[in-house]
Amino acid sequence: MIRLNEHYAKLQASYLFVEIARRVADHAATNPARPLIKLGIGDVTRPLPPSVITAFHEGVEEQGNAANFRGYGPEQGYDFLREAIAKADFAARGCPISANDIFVSDGAKCDTGNFQELFAPDTRVAVPDPVYPVYVDTNVMAGRTGAAVDGRYEGLTYMEGTEANGFVPSPKDLGSQGAEVVYLCFPNNPTGATATKEQLAEWVDWANAQGSLILFDAAYEAFVTNPELPKSIYEIPGADRCAVEFRSFSKTAGFTGTRCAYTVVPSAIEIDGIKLRDMWNRRHSTKFNGVSYPVQKAAAAVYSPEGQKETGDLIAYYLENARIIRAAMEKVGYSCWGGENSPYVWVKTGESSWDTFDTLLKKADVVITPGSGFGRMGEGFIRISAFNDKERVEEAVERIITALS
Ligand code: MLT
């Protein structure tokens with residue numbers, strides 16, 4: 001008889017956004033009157049920028065022409081895209097990253113979820129709390145944890161994000177158990193917190209001293225507009241020896257439905273005499289056949305002068321939404337984090353997060369994300385996403401204010 005992976009049975013609830021979608025579908029089925037406004041999952045609403053669309057079309061045309069047709073591409077991504085990434089996202093910021101360290105993929109969610117496959121089952125892993133659930137659930141699925149007790153998995157170390165530390169844990173929050181692999185995400189999902197260069201340097205120095213690895217999720221780096229803040233962990237000296245970075249075109253350029261991302265595994269990282277880059281290359285080329293050519297062509301257009309201008313406008317558009325949301329929530333009297341250098345606003349309501357979720361769904365027909373869905377430390381908070389059209393955001397905040405007043 002087939003035995004299933006018993007670790008899946010430890011998973012607590014359905015994936016957060018699946019549970020939200022279920023509640024929203026139930027509500028919409030019984031309350032069709034007022035259109036819902038979704039500020040829940042961070043899914044973009046604005047169309048792909050014109051220069052991206054032009055390149056996308058060109059890529060499709062080339063695939064329809066015998067002279068230019070391409071079959072399988074390199075699993076790691078086409079050189080034209082990897083080189084554009086290395087130049088614009090890293091060399092331009094003084095980061096020692098080459099095109100050879102870059103692996104193009106179809107999503108940062110998949111990459112952050114899959115990367116743990118490279119580590120031994122008993123690797124000691126630390127995650128922040130609140131946390132993007134993918135880091136946790138994929139380690140549970142891999143059998144790296146015990147059972148869930150009071151919403152936390154035995155065997156995982158949780159670093160608490162609090163008002164006191166501004167939702168930026170430091171290596172001190174690991175306690176005596178330490179960790180071999182640490183997940184960090186800045187600008188943070190869900191709290192919108194950003195880390196300074198000094199805060200990241202503390203992590204990098206700690207990791208290099210311990211021989212530990214940082215898995216750094218930078219999917220929201222495009223929202224960093226403060227020039228003092230780092231966009232990449234490789235802006236910190238020594239990070240190329242201890243950090244893997246995940247990036248995405250989803251939120252940067254509107255690719256959530258088009259799918260393109262990349263992971264950086266610097267050649268300088270060696271564990272037990274093995275280059276981590278070569279191990280990820282082995283995994284990537286065994287399990288993945290590359291992102292489609294037209295999509296990579298579209299992604300490369302993000303780095304053209306027009307692409308940079310257009311994606312900059314997109315980011316500014318969502319950041320203005322974030323500003324509107326944060327200003328409205330503060331006006332009601334709530335403490336807020338994020339919404340600056342981040343598309344997420346983290347709001348302290350002091351009520352049960354799922355109760356606030358249900359109240360806003362029922363009374364305001366607005367979808368947000370309950371903070372407790374991101375971990376114990378998220379209880380009493382909600383996350384409001386700036387990814388929607390400005391008019392809808394303006395209407396949503398009015399409805400939220402009425403529902404909560
Ligand atoms: C979120 O809302 O947290 C994100 O959209 C999830 C994701 O990017 O996978």
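We number each residue from 1, following the sequence as shown. All values below were derived from every heavy atom in this structure, side-chain atoms included, with hydrogens, water molecules and symmetry-related copies excluded. One-based numbering, in listed order, for ligands and for the atoms of each.
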In ligand 1, which numbered atoms sit nearer than 4.0 Å to a non-hydrogen atom of [X]?
| X | value |
| --- | --- |
| Lys109 | 9 (O) |
| Ile41 | 2 (O), 5 (O) |
| Phe17 | 1 (C), 2 (O), 3 (O) |
| Tyr344 | 1 (C), 2 (O), 3 (O), 4 (C), 5 (O) |
| Tyr220 | 4 (C) |

| Can you name the residues that form a ring-ring contact (aromatic ring centres under 6.0 Å, His included) with Phe56, not counting sequence neighbours? | none
| query | Is it true that Asn189 lies under 4.0 Å from ligand 1, counting heavy atoms only? | reply |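 Contact present.
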| Would Phe374 count as a contact of ligand 1 if the rule is a heavy atom under 4.0 Å away? |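 No, Phe374 has no heavy atom closer than 4.0 Å to ligand 1.
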| What do we get for Phe387 next to ligand 1 when only non-hydrogen atoms under 4.0 Å count, side chain, backbone, both or neither? |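 No part of Phe387 comes within reach of ligand 1.
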| Residues Asp89, Lys231: salt bridge by 4.0 Å N-O rule | no
| If you measure every N/O of Lys251 against every N/O of ligand 1, is any gap under 3.5 Å? |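 There is such a contact, yes.
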| task | State which residues pass side-chain contact (heavy atoms from CB on, under 4.5 Å) with Thr54; sequence neighbours excluded, sorted by chain then number. | result |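 Partners of Thr54 under the side-chain contact (heavy atoms from CB on, under 4.5 Å) test: Glu58.
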| With a 6.0 Å cut-off on ring centres, are Phe255 and Tyr262 close enough? |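 Centroid separation for Phe255 and Tyr262: 6.0 Å or greater.
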| request: Verify ring-ring contact (aromatic ring centres under 6.0 Å, His included) between Phe387 and Phe223, making sure each step is shown before the conclusion. | output: CA-CA 12 Å; Phe387 292 115; Phe223 294 86; 5.8 Å; yes
| Judged by modelled atom types alone, do Glu62 and Tyr293 share a side-chain donor-acceptor pair under 3.5 Å? | yes
